Amino acid sequence: MAYPAKLRVWRGDTTSGELQDFEVEANEGEVVLDLIHRLQATQTPDLAVRWNCKAGKCGSCSAEVNGRPRLLCMTRMSIFDEDEVITVTPMRTFPVIRDLVTDVSYNYEKAREIPSFTPPEGLEPGEYRMQQVDVERSQEFRKCIECFLCQDTCHVIRDHEENKQSFAGPRYLMRVAELEMHPLDVADRVGDAQDVHGLGYCNITKCCTEVCPEGIHITDNALIPMKERVADRRYDPIVWLGNKIFKRDGA
Amino acid sequence: MASPAGTSPTDSPAPVRANTAPRTRRTDRWWLPPLLTTLGLATFVIYATVRSFMRTDYWAAEHHYLTPFYSPCLSDSCVAGSSHFGTPIGELPVFIPLAFLSLPFLLGFRLTCYYYRKAYYRSIWMAPPACAVGEPHERYTGETRLPLILQNVHRYFFYVALVITLINTYDAILAFGGENGFGIGLGNVVLLLNVVLLWCYTLSCHSCRHVTGGRLKHFSRNPVRYRLWTQVSKLNTRHMEFAWLTLGTLVLTDLYVWLVSSGAIADLRFIN
Ligand code: SF4
Ligand code: SF4
Ligand code: FES
Ligand code: FES
């Protein structure tokens, strides 16, 4: 059954903005993005919103619904009461461009700070041979759709703008973990994880894991294993000694 | 896409964020989980502290039940029979718990545990109290410096905890032989359940997952460790559950031994 839903949408740009109230028709089976589109089509033709696939796979439509970072296209209207006011705001952690669209270039900058995949010397593309068991950990991380909801939620930068300099955020610490666990990557990434990408800022409170629409276990499978690797290198005298004596480089 | 002047994160002045005024826009009861966590942890800490210093009713002499809060009991101050490893240590002043050799390590193990860290960072330190709820602190440096950088010693507490869990297991096995020889009572079931869950908690530790196989780059070259890692990983997904369950069974076990040894209740006997 169609009903008039109460939508409260943040509208504004780099200079100022405010929440505005609208009534928008909602039909059975719809998602919040449908209503935003209907709002755009019927009342506010200049409303800015980013979207692309409407299937939870492109990672474009990230925003916050009733204060929770979510994909607009994957947030069903049926989870709200019919008379509930639904507040839609842009991602808080990134500078706003207009309305629901934010400038996410922080993420691209952080991505560029990570040295790319480094195969062993002399091994040409086409010669890579890997066992499935060796790549499956990295494969989980490759499900990422780069929606940046985890980056948006992470309190390290959400609540502390100044930490953006030194903290890459869960998505990119996970990228470091992906390469570090890759069987053919020979770059040494453990020291950088702590010094350059700011792994120590993460206090494993798991909000990134909670919001990830791909259900990636970011904290358990990427961040904590990286913290343990850093501990091997930096804070574990026995491992350090073992590495010296047996001249090994971490199996 | 070109970013508007002054809004790139590395530029100054500070970028323009969209109306960050309220601490959160969440409309659900986000404060409930941290509140419950605080209450749960506080209950355990208070109970454990009181019991550790009580020095009474920790050994049910008739059935040889020893509470984990007094294990190992190595001092001359321990009641007869409760010292499964002798009493190499003389009398202890009243302000030192009889299990002073294990309790600090168990405390350290849980304090530096990745799950408890999450729990108390959220509920007590409020960094953050819940996801997308602003934290009250001006500055935040996480675990990058002292004292929190010390959380990295967690693995050493894990190694000690392994030994202590072995000791608890030994206690639980000895409890099958009471004053009248072999027997099984409800107390044995309680002690055993506690020990099984302690093993689950200890082996599901993230440091355990790392040392068994997580640190390897090539699982295929280490099939045995890969298998171990797979098993530990399965347990690891339930680490939080075991963290709470063991707090519960520790209290339950101690309470049961307390009640039986003080004579408040009689042990329910199944065999002998
Ligand atoms: S677990 Fe770490 S990276 Fe993830 S949201 Fe929490 S602090 Fe940020
Ligand atoms: S890890 Fe998950 S939440 Fe983060 S960007 Fe990728 S898909 Fe989005
Ligand atoms: S529109 Fe592609 S993820 Fe929502
Ligand atoms: S005991 Fe919880 S992570 Fe080690």
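Note that the coordinates shown come from a computational prediction; the quantities given were computed from them, not determined experimentally. So that the names make sense, note that chain A is the first sequence line, chain B the second, and so on, each numbered from 1.
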* Could you name the residues of residues 203-211 of chain B that have a heavy atom within less than 4.5 Å of a heavy atom in chain A? -> B/His206, B/Ser207, B/Arg209, B/His210

* Asked: Rounded to the nearest 0.5 Å, how far does CD1 of A/Ile224 lie from CG of B/Asn236?
  -> 7.5 Å

* chain A contact via B/Glu138 - side chain, backbone, both or neither, heavy atoms under 4.5 Å -> backbone

* Structure fact -> Most contact-rich option vs chain B, by heavy-atom pairs under 4.5 angstrom, among A/Thr87, A/Val135, A/Asn163, is A/Asn163

* Asked: Where does A/Thr205 contact chain B at under 4.5 Å (heavy atoms): side chain, backbone, both or neither?
  -> both

* To do: List the atom of A/Asp134, the atom of B/Ser220, and the distance in Å for their closest heavy-atom pair.
  => OD2-OG, 2.5 Å

* Sequence neighbours excluded, which residues qualify as side chain to side chain contact (heavy atoms under 4.5 Å, CB included) partners of B/Ile149? -> A/Tyr235, B/Leu146, B/Asn152

* Asked: Backbone N or O of B/Thr27 within a donor-acceptor pair of the A/Asn66 side chain at under 3.5 Å?
  -> no

* Asked: A/Gln131, A/Glu210, A/Arg158: which one forms the most heavy-atom pairs within less than 4.5 Å of chain B?
  -> A/Arg158

* To do: Could you tell me how the ring of A/His155 sits relative to the ring of B/Tyr140: parallel (under 30°), tilted (30 to 60°) or perpendicular (over 60°)?
  => perpendicular

* **Interchain contact, A/His217 with chain B, by part (heavy-atom threshold 4.5 Å)** => neither

* To do: Assess A/Arg137 against B/Trp229: is NZ or CZ under 6.0 Å from the centre of the six-membered ring, and within 45 degrees of the ring's axis?
  => yes

* To do: Mind checking the OG1-CD spacing from B/Thr141 to A/Glu162? Nearest 0.5 Å is all I need.
  => 10.5 Å

* Structure fact -> chain B shares the most heavy-atom pairs under 4.5 Å, among A/Cys154, A/Ser166, A/Cys207, with A/Cys207

* Applying side chain to side chain contact (heavy atoms under 4.5 Å, CB included), run through A/Asn203 and B/Arg117 and close with a yes or a no. => CA-CA 8 Å; A/Asn203 66 354; B/Arg117 269 145 81 181; over 6 Å; no

* Establish, from distance only, whether the side-chain atoms of B/Tyr156 and A/Asp236 form a donor-acceptor pair under 3.5 Å. => yes

* Asked: What distance do B/Glu135 atom CD and A/Asp159 atom CG have between them, rounded to the nearest 0.5 Å?
  -> 4.5 Å

* Structure fact -> The interface call for B/Tyr226 against chain A, heavy-atom contacts under 4.5 Å, is side chain

* Structure fact -> From the list A/Val65, A/Val156, A/Val85, A/Thr93, the residue making the most non-hydrogen contacts under 4.5 Å with chain B is A/Thr93

* Proximity breakdown for A/Gln132 and chain B, heavy-atom pairs closer than 4.5 Å -> neither

* Asked: Is the closest side-chain heavy-atom distance between A/Pro183 and B/His218 below 4.5 Å?
  -> yes

* **Donor-acceptor side-chain pairing of B/His154 and A/Glu228 below 3.5 angstrom** => no

* Structure fact -> Interatomic distance, CZ@A/Arg68 vs CZ@B/Arg26, rounded to 0.5 Å, equals 4.0 Å

* Structure fact -> Interatomic distance, NZ@A/Lys206 vs OH@B/Tyr115, rounded to 0.5 Å, equals 9.0 Å

* Structure fact -> Nearest heavy-atom contact between A/Ala231 and B/Arg155 is CB-NH2, 3.4 Å

* Contacting moiety of A/Ile157, where chain B heavy atoms sit under 4.5 Å -> backbone

* For B/Phe105, does the CZ atom sit with more than 12 other heavy atoms under 6.0 Å from it, leaving out its own atoms? -> no

* Structure fact -> Rounded to the nearest 0.5 Å, the CD atom of A/Glu180 sits from the CZ atom of B/Arg215 at a distance of 11.0 Å

* Within 6.0 angstrom of B/Trp125 CH2, more than 12 heavy atoms from elsewhere -> no

* Structure fact -> Here the pair of heavy atoms bringing B/Cys131 nearest to A/Thr153 is CB-CG2, 3.9 Å

* Given the rule in the side chain to side chain contact (heavy atoms under 4.5 Å, CB included) test, do B/Leu216 and A/Met181 qualify, once you have shown the distances and angles that lead to the verdict? -> CA-CA 8 Å; B/Leu216 300 173; A/Met181 293 175 188; over 6 Å; no

* To do: In plain terms, say whether A/Glu161 and B/Arg139 are close enough for a salt bridge, that is, a side-chain N and a carboxylate O under 4.0 Å apart.
  => no

* Structure fact -> Whatever's closer than 4.5 Å to a heavy atom in chain A on B/Ala127 counts as both

